[in-house]
Amino acid sequence: MGDAEAMPQGYPSAAAAGTLPFVGRPGGRRIHSGVLSSPPAAMRLSKFHLATVKEVPADADVVSQRLMIRAGMIRKLAAGIYTWSPLGLRVLRKVEGIVREEMDRAGALELSMPSIQPKELWEETQRWAKFGGQLLKIRDRKDAEFCYGPTHEEVITDFARNELRSYKQLPINFYQIQTKFRDEIRPRFGVMRAREFLMKDAYSFHLDPECMAREYRNMYRAYARIFTRLGLRFRAVMADSGAIGGNASQEFHVLADSGEDAIAFSDGSDYAANLEKAEALAPEYPEPAFFDEMRKFATPTQTTCEDVAALKGVSLSETVKSVAVVGEQGFVLVLVRGDHSVNEVKLQKVDGLSEFRLAREDEILDYLGCQPGFIGPVNPRKKITIVVDRSVAVMPSMICGANEAPFHLENVKLGRDFQQDWVADVRSVVAGDPSPDGQGTLSIARGIEVGHVFQLGQKYAEALKATVLDANGKAAVMYMGCYGIGVSRIVAAAIEQNHDDNGIIWPDAMAPWRVAVCLINPKNDPKVAEAAESLYRDLAAEGVEVVLDDRGLRPGVMFADIELIGIPHRVVVSERGIAAGTFEYRARRAAEAEALTREQVFSRLGL
RNA sequence: CGGGGUGUAGCUCAGCCUGGUAGAGCGCUACUUUCGGGAGGUAGAAGUCGGAGGUUCGAAUCCUCUCACCCCGACCA
């Protein structure tokens, strides 16, 4: 799959990252540094705090987390809460700087909102109650309630309603790069799923939906530029808008096998969507000539679809899985094919299930008259609601639980043996399903969500009464867009995508330094230190971000460190190189080092 | 929230079952020999054994409570 497919016209593919004209070039004076104050471009490791470690805590369960800890980029303070060391922060700032430059370039205006937000504001949008346990609530000394901001729709909309009075002030897009806190049920994977994290969030305000849609496309393009400049392989996909709310919504995913999200994409078109969202079409079945009577058969030990299918010697797709849930209006049985799985997000869209939970065993017994393992839609003990997936609705007949242990039923026919209340798309797509746009079939890949763009519409502006006067002098509720990027998560995602057995391999744009100059046995020959110092100074003078490893360590230790922290280019200065008039150059991904003259080294670095 | 597990030196861990003087490796400090892929030797510093209570002559070890952290689950019946 090519990244370019997900990108708007006219932008280079990710493969070209690092050669784009707007990448900060050595020697080129940046108009603005991208951060309030940049760390020094050149650095001696003897003056730096490099804190690599050989052993890692056993609980680091993902590559990026292990490598970030080993490289000494992060240290855990508490569950999902990390300190960024000087090294880690250099990388984080690189990402932040690129995000900031591209947001500025796209016309957004940076501001900074409080991380602590009053309860009252969140009550105006009902989200104090609805946001759930992720909202970290705190009290001040007067016992007034606040939350640590997990997102800033409320605050920005409050700001906008006070600041924006006229349609002439629109459209406008405000953004900030700020630490947020979401009290995750289970923080894990280091900074990839942390509770405290750095996020860029932007909010745009418009008089009409067309304008909102234009800015949405503008932000989409800005995001594509950001991830391209960062040198990441990524893909934009259609998304469910979830708790934030709103209409159109797309996510940007960094592709990595370890990603927490599954994304579905077509091999025959541009279609790509989060698995939560990807529409599942019903297959077509040949019309059967006649129907057999429903029949009960014994399944003494078979409680799963897999076991029952194996017992009958039929395909899993001929069985039906019954999932019991309890929604606002009571007990609901959800039917999906044995080879499919229920999609929670889709199920929430069914009437009466916007909030649901799995049924408890006693509830299942009460409504169906049978314990789990043998439940089904036929002859429940009490009146229940039955939701049938599209694929189940077209099955000529099915095998399902009999609501009587230990039995299942075969030749069960919808409409004859039981009645459904709803037919809906409630399953997740699987690889091989037809693409919903009718072109090609779907494949599933894994991704790490690093960006999300939404068209919010008037949801928040309405709740908070954020209006401007339009050209007719009438109050108009503004339309909003919101656009997030997980800055700290990008650092982890980049490592997931770019590493080897020796450590991290930074894309040039994210590397803490672009070049490392290493000294071998400088004590033996003063010329080594002289040559290294002069190379270091000259590279620094050219504006290259260069680090001099003058720690005086043994070569093996030094090389291992430089590789672990992922410096893209390494130049070794040694006695024997001096004698031959060369330096030893090695790109991080290269298998072998090569002996180059000083001029060749500079030209390798594009100088 | 349910289940399971772990807290012992800066880090990774052993010791706990079967109570009796606090251990190893890595890291750190000093000296020394080394010096092109995580060196060797010698000497050394370093731990309220997560916390509180209890049992006992005696508790890292047994019991109770508590805190923290981790894993699995919390749609696939």
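Protein chains get the first letters and strands the later ones, always in sequence-line order, with residue 1 at the start of each. Both backbone and side-chain heavy atoms feed into the values below; hydrogens, waters and symmetry mates do not.
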Seminar exercise, completed: In whole angstroms, the gap separating P of B:A39 from CZ of A:Arg554 amounts to 5 Å
Problem set entry | From OG (A:Ser258) to CD (A:Gln65), nearest 0.5 Å | 11.5 Å
Exercise. Can you tell me how far the CD1 atom of A:Ile448 sits from the CD1 atom of A:Ile263, to the nearest 0.5 Å?
Worked result: 10.5 Å
For this session: Name the pairing partner of B:A46, where a pair is Watson-Crick or G-U wobble with both distances under 3.5 Å, or state none.
Result: none
Exercise. Going by modelled atom types, is there a donor-acceptor pair between the base of B:G38 and the side chain of A:Asp561 at under 3.5 Å?
Worked result: yes
Exercise. Do A:Thr385 and A:Asp421 have a side chain donor and acceptor closer than 3.5 Å?
Worked result: no
Problem set entry | Rounded distance (Å) that lies between atom C1' of B:C69 and atom CZ of A:Arg188 | 15 Å
Exercise. How close or far is atom C1' of B:G36 from atom CZ of A:Phe583, stated in whole angstroms?
Worked result: 17 Å
For this session: Would you kindly check whether a donor in the side chain of A:Arg586 faces an acceptor in the base of B:G37, or vice versa, at under 3.5 angstrom?
Result: yes
Problem set entry | Atom C1', compared across B:A30 and B:C49: separation rounded to whole Å | 29 Å
Problem set entry | B:C71 versus B:G36 - spacing of their C1' atoms, nearest Å | 43 Å
Exercise. With distance as the sole criterion, is a donor-acceptor pair present between the side chains of A:Arg589 and A:Asn498 under 3.5 Å?
Worked result: yes
For this session: Looking at every strand, decide which applies to A:Phe356 at a 4.0 Å heavy-atom threshold: base, sugar-phosphate, or nothing.
Result: nothing
For this session: Give one of base, sugar-phosphate or nothing for A:Ser341, where a contact means two heavy atoms less than 4.0 Å apart.
Result: base
Problem set entry | Salt bridge present between A:Arg44 and A:Glu533 (N-O < 4.0 angstrom) | yes
Problem set entry | Spacing of A:Leu353 atom CG relative to B:C75 atom P, expressed in whole Å | 13 Å
Exercise. Considering only the P atoms, how many Å lie between B:U8 and B:U48, rounded to the nearest integer?
Worked result: 12 Å
Exercise. Could a donor-acceptor pair under 3.5 angstrom be found where the side chain of A:Glu55 meets the base of B:G27?
Worked result: no
Problem set entry | Nearest-Å distance once atom C1' is located in both B:G19 and B:U56 | 9 Å
For this session: Would you indicate what A:Ile364 reaches in the nucleic acid, counting non-hydrogen atoms under 4.0 angstrom: base, sugar-phosphate, or nothing?
Result: base
Problem set entry | Watson-Crick or G-U wobble mate for B:C69, both contacts under 3.5 Å | B:G5
Exercise. Taking the side chain of A:Arg70 as heavy atoms from C-beta outward, which of B:C75, B:G36, B:G38 is closest to it?
Worked result: B:G38
For this session: Among the candidates B:U12, B:C69, B:G37, find the nucleotide nearest to the side-chain atoms of A:Lys76.
Result: B:C69
For this session: Just call it for A:Arg66: base, sugar-phosphate, or nothing, with non-hydrogen atoms closer than 4.0 Å on any strand.
Result: nothing
For this session: Any strand is fair game: report the nucleotide pairing with B:G53 by Watson-Crick or G-U wobble, both distances under 3.5 Å, or none.
Result: B:C63
For this session: Would you mind pulling out the nucleotide paired to B:C26, Watson-Crick or G-U wobble, both distances under 3.5 Å?
Result: B:G10
For this session: With RNA chain B as reference, determine whether A:Glu563 or A:Phe189 sits nearer its 5' end, using the nearest nucleotide of each.
Result: A:Glu563
Exercise. Would you call the rings of A:Phe48 and A:Trp513 parallel, tilted or perpendicular if under 30° counts as parallel and over 60° as perpendicular?
Worked result: perpendicular
Exercise. For A:Val557, which contact category applies under a 4.0 Å heavy-atom criterion: base, sugar-phosphate, or nothing?
Worked result: base
Exercise. Using atom C1' of each nucleotide, how far apart are B:G27 and B:U12 to the nearest Å?
Worked result: 11 Å
Exercise. Taking any strand in view, what nucleotide pairs with B:A39 in a Watson-Crick or G-U wobble way, both distances under 3.5 Å?
Worked result: B:U33
For this session: Could you work out which one of B:G36, B:G38, B:G37 sits closest to the side chain of A:Thr52?
Result: B:G38
Problem set entry | Side-chain (A:Thr299) to main-chain (A:Pro406) donor-acceptor, under 3.5 angstrom | yes
Problem set entry | Distance test, side-chain N/O of A:Lys346 to OP1/OP2 of B:C75, below 4.0 Å | no
Exercise. Should B:C16 form a Watson-Crick or G-U wobble pair with both distances under 3.5 Å, which nucleotide is its partner?
Worked result: none
Exercise. With respect to the phosphate group of B:G27, does any side-chain polar atom (N or O) of A:Lys54 fall under 4.0 Å of OP1 or OP2?
Worked result: yes
Exercise. Considering only the C1' atoms, how many Å lie between B:U29 and B:C13, rounded to the nearest integer?
Worked result: 23 Å
For this session: Tell me what A:Asn524 touches on the nucleic acid: a base, only sugar-phosphate, or nothing, going by heavy atoms under 4.0 Å.
Result: nothing
Exercise. How many Å lie between CD1 on A:Ile185 and C1' on B:C71, as a whole number?
Worked result: 15 Å
Problem set entry | Rounded distance (Å) that lies between atom P of B:U34 and atom CD1 of A:Ile520 | 19 Å
Problem set entry | Upstream residue (5' side of RNA chain B) when A:Ala78 and A:Phe374 are each assigned their closest nucleotide | A:Ala78
For this session: Taking only Lys NZ, Arg NE, NH1 and NH2, and the carboxylate oxygens of Asp or Glu, determine whether A:Asp183 and A:Arg195 approach each other closer than 4.0 Å.
Result: yes
Exercise. With both distances kept under 3.5 Å, what pairs with B:C75, Watson-Crick or G-U wobble?
Worked result: none
Seminar exercise, completed: Side-chain atoms of A:Ala79 come closest, of B:C76, B:C75, B:C70, to B:C70
For this session: Classify the nucleic acid contact of A:Arg195 as base, sugar-phosphate or nothing, counting any heavy atom under 4.0 Å across all strands shown.
Result: nothing
Exercise. Which value, in whole Å, describes the distance between the C1' atoms of nucleotides B:G20 and B:U61?
Worked result: 11 Å
Seminar exercise, completed: Whole-Å distance, A:Arg551 CZ to B:C28 P, equals 11 Å
For this session: Quote, to the nearest angstrom, the P distance that separates B:U55 from B:C63.
Result: 15 Å
Exercise. When you measure from the side chain of A:Glu344, which nucleotide among B:G36, B:C75, B:C26 comes out closest?
Worked result: B:C75
Exercise. Would the number of heavy atoms belonging to other residues, nucleotides or ligands and lying under 6.0 Å from NZ of A:Lys382 be above 12?
Worked result: yes
Problem set entry | Rounded distance in Å - CZ (A:Arg576) to P (B:C35) | 14 Å
